[in-house]
Amino acid sequence: MVGMPSVLPDGEPVPDDGALPRHALEGAADRPLGFYLHVPYCATRCGYCDFNTYTATELRGSGGALASRDNYAAHLIEEVRQARKVLGDDPRPVRTVFVGGGTPTLLPAADLVTMLASIREEFGLAEDAEITTEANPESVDPAYLEALREGGFNRVSFGMQSAKQHVLKILDRTHTPGRPEACVAEARAAGFDHVNLDLIYGTPGESDDDWRATLDAAIGAGPDHVSAYALIVEEGTQLARRIRRGEIPMTDDDAHADRYLIADEAFAAAGFDWYEVSNWATTEAGRCLHNELYWRGADWWGAGPGAHSHVGGVRWWNVKHPGAYAQALSEGRSPGAGREVLAEEDRRVERILLELRLREGCPLDLLKPDGLAASRRALTDGLLDPVPYEEGRAVLTLRGRLLADAVVRDLVD
């Protein structure tokens, strides 16, 4: 699950031409380059969603024609061309492309293919490039999936969330139970080798048996990758307001932990291995390479309203609103809203935060004395695996995955 948060951080201004500090491209040839393409449109707003997305009603009268889905692909392609200018003679072909949202598949398949083609034309794609789009189950059909596959997409991620109607209703999801599983079959028939299903656990009113039924349905559909996330109730969402009013109960942390254990056991029994705390794949080839770019601190350009980018220790983010985004591009300006240059200490902390979530863990030599002492306590408490620890890496055990955030907080000291 990839999404753009609705609240942007503070930062220094981005130059009108988007130029990066010279040091950002030093050593670039040794780092993979990916693109994230954000499509900010949704048919309806899900009650739990805090991503930078917009329905037609929310856009009406705020940005006019500039915010229209009809010309969105052209605006995004203009940012891809800007990226080529900013990165100059950077010779790297693009290793991964991930189209997320929102609901990318509300756009015609031809628009997504054209957006991908612009990256191919400006940068070139690596021979084994991973090209993914997210999709809502009700927004695609076999012909749409075939068009994506013919246009170069080779991975698709469907938002399933739950197999139970009453859980979907709480989440304000509009698809019907069974449709995501049918989508997996349609994607396979269209020639997709890699298919993901996104699941959410811990929805108010969901029982352990509901969650087991969801896992059975997801595994039975035959994807080679599954993501399972604990529901986070974000302030300002409809779900948060309903919980605050007492209409529905909040799920407690113990229930979240139980659901995670149920999921990990079910996935392992079905041949899925965890490779990141919330992600499982049947093979190494089935892993989401694009998300691994994030977790390993590689370079990626995020195009679209609110999209975040990172190149060589420089992070920046675009203006949120599709109208403001389109306006900047139409005037030849970078749509960047702000940026920050990460200090060495920031980059060290981020490596620990992100790499510890991976099956390979993080090197112990990233830790300062207090963090190293905390790692020894975590080892004694059964939160870190002793075998890789002896080899110089901090790797979470199953119990450690349940307490990952707390372990990370201790290790970054």
Side-chain angles (χ1 to χ4, degrees), residues 1-2 46 48 103 105 130 132-146 148-149 153-171 173-203 205-231 251 255-288 291 359 398 401:
M1 177 190 293
V2 174
C46 297
Y48 64 93
T103 306
T105 44
E130 175 191 88
T132 306
T133 187
E134 292 181 328
N136 276 356
E138 302 291 359
S139 66
V140 295
D141 58 24
Y144 192 106
L145 292 167
E146 289 169 8
L148 289 179
R149 186 68 190 93
F153 285 82
N154 52 31
R155 188 175 183 276
V156 61
S157 176
F158 296 109
M160 177 177 178
Q161 319 315 349
S162 176
K164 306 301 288 186
Q165 182 65 59
H166 71 95
V167 176
L168 294 173
K169 185 176 181 180
I170 292 291
L171 295 172
R173 297 291 294 186
T174 57
H175 67 262
T176 55
R179 178 61 194 150
E181 299 93 304
C183 284
V184 175
E186 291 171 5
R188 295 293 194 199
F192 283 90
D193 291 328
H194 302 300
V195 182
N196 172 63
L197 289 175
D198 270 343
L199 307 179
I200 288 179
Y201 58 88
T203 300
E206 177 191 65
S207 68
D208 285 352
D209 285 344
D210 291 335
W211 179 230
R212 289 189 180 94
T214 293
L215 293 168
D216 288 345
I219 292 168
D224 65 331
H225 189 287
V226 179
S227 301
Y229 302 95
L231 177 66
T251 306
H256 279 145
D258 290 343
R259 306 274 160 79
Y260 185 90
L261 293 172
I262 290 169
D264 190 67
E265 182 179 7
F267 292 143
F272 288 80
D273 289 325
W274 80 280
Y275 71 97
E276 191 275 340
V277 169
S278 299
N279 290 272
W280 293 258
T282 56
T283 65
E284 188 168 343
R287 293 182 173 193
C288 180
N291 282 347
R359 184 163 198 140
L398 176 56
R401 280 185 271 158

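What you find for Thr105 and Tyr144 is that their closest heavy atoms are CA-OH, 3.2 Å. Scanning all heavy atoms of the two residues, the minimum distance from Ala230 to His256 falls at CB-CD2, 4.0 Å. Heavy-atom minimum distance, Ala135 versus Val140: CB-CG1, 4.0 Å. Between Ala163 and Pro177, the closest heavy-atom pair is O-CB, 3.4 Å. Listed here is the closest heavy atom pair of Leu145 and Cys183: CD1-O, 4.2 Å. Taking all atoms of both residues into account, the shortest heavy-atom contact from Trp280 to Ala228 is CZ3-CB, 3.8 Å.
Judged by distance alone, with hydrogens and angles left aside, the side-chain atoms of Glu138 form a donor-acceptor pair with the main-chain N or O of Thr176 at under 3.5 Å. Here the side chain of Arg259 pairs a donor or acceptor atom with the backbone of Glu206 at under 3.5 angstrom. No donor-acceptor distance shorter than 3.5 angstrom exists from the side chain of Ser227 to the backbone of Asn279, with no hydrogens or angles considered. Side chain of Asp198 to main chain of Phe158: no donor-acceptor pair is present (N/O by atom type, distance under 3.5 Å, no hydrogens or angles). A donor-acceptor contact shorter than 3.5 Å is absent between the side chain of Asp216 and the backbone of Ala213. Not one N or O on the side chain of Arg155 forms a donor-acceptor pair closer than 3.5 Å with the backbone of Thr133. The main-chain N or O of Tyr260 is never found under 3.5 Å from a side-chain atom of Arg401 such that the two would form a donor-acceptor pair. Although no hydrogens or angles enter the test, the distance criterion places no donor-acceptor pair under 3.5 Å between the side chain of Arg149 and the main chain of Ala190.
Between atom NE2 of residue His225 and atom OG1 of residue Thr283 there is a gap of 9.5 Å, rounded to the nearest 0.5 Å. We find the CD-CG distance between Gln161 and Leu197 to be 9.5 Å, quoted to the nearest 0.5 Å. In this structure, CG on Asn291 lies 9.0 Å from OG on Ser157, to the nearest 0.5 angstrom. Atom CG of residue Leu199 and atom CZ of residue Phe267 lie 5.5 Å apart, to the nearest 0.5 angstrom. Considering CD1 of Ile170 and OG1 of Thr203, their distance stands at 8.0 Å, rounded to 0.5 Å. Rounded to the nearest 0.5 angstrom, Leu231 CG and Ile200 CD1 are separated by 6.0 Å.
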Subject >> His166/Asp210 under side-chain contact (heavy atoms from CB on, under 4.5 Å): CA gap, chis, key distance, verdict >> reply: CA-CA 10 Å; His166 71 95; Asp210 291 335; 2.9 Å; yes
Original post:
What do the steps show when you test Val195 against Arg188 for side-chain contact (heavy atoms from CB on, under 4.5 Å), and what is the final call?
Top reply: CA-CA 8 Å; Val195 182; Arg188 295 293 194 199; 4.0 Å; yes
**OP:** Determine, step by step, whether Phe192 and Leu148 satisfy the side-chain contact (heavy atoms from CB on, under 4.5 Å) criterion, reporting the C-alpha distance in whole Å, the side-chain angles of both residues, the deciding distance to 0.1 Å, and the verdict.
**Re:** CA-CA 9 Å; Phe192 283 90; Leu148 289 179; 4.0 Å; yes
Subject >> Worked verdict on Cys288 versus Glu130 for side-chain contact (heavy atoms from CB on, under 4.5 Å) >> reply: CA-CA 8 Å; Cys288 180; Glu130 175 191 88; 4.0 Å; yes
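Using a 4.5 Å heavy-atom cutoff, the side chains of Trp211 and Asp208 are not in contact.
Surrounding CD of Gln165 are more than 12 heavy atoms belonging to other residues, nucleotides or ligands, all under 6.0 Å away.
Among residues two or more places apart in sequence or in another chain, the salt bridge (charged side-chain N to carboxylate O under 4.0 Å, His left out) test is passed with Arg179 by Glu186.
Applying the salt bridge (Lys or Arg N to Asp or Glu O under 4.0 Å) definition to pairs two or more places apart or across chains, those involving residues 277-288 are Arg287-Glu292, Arg287-Glu360.
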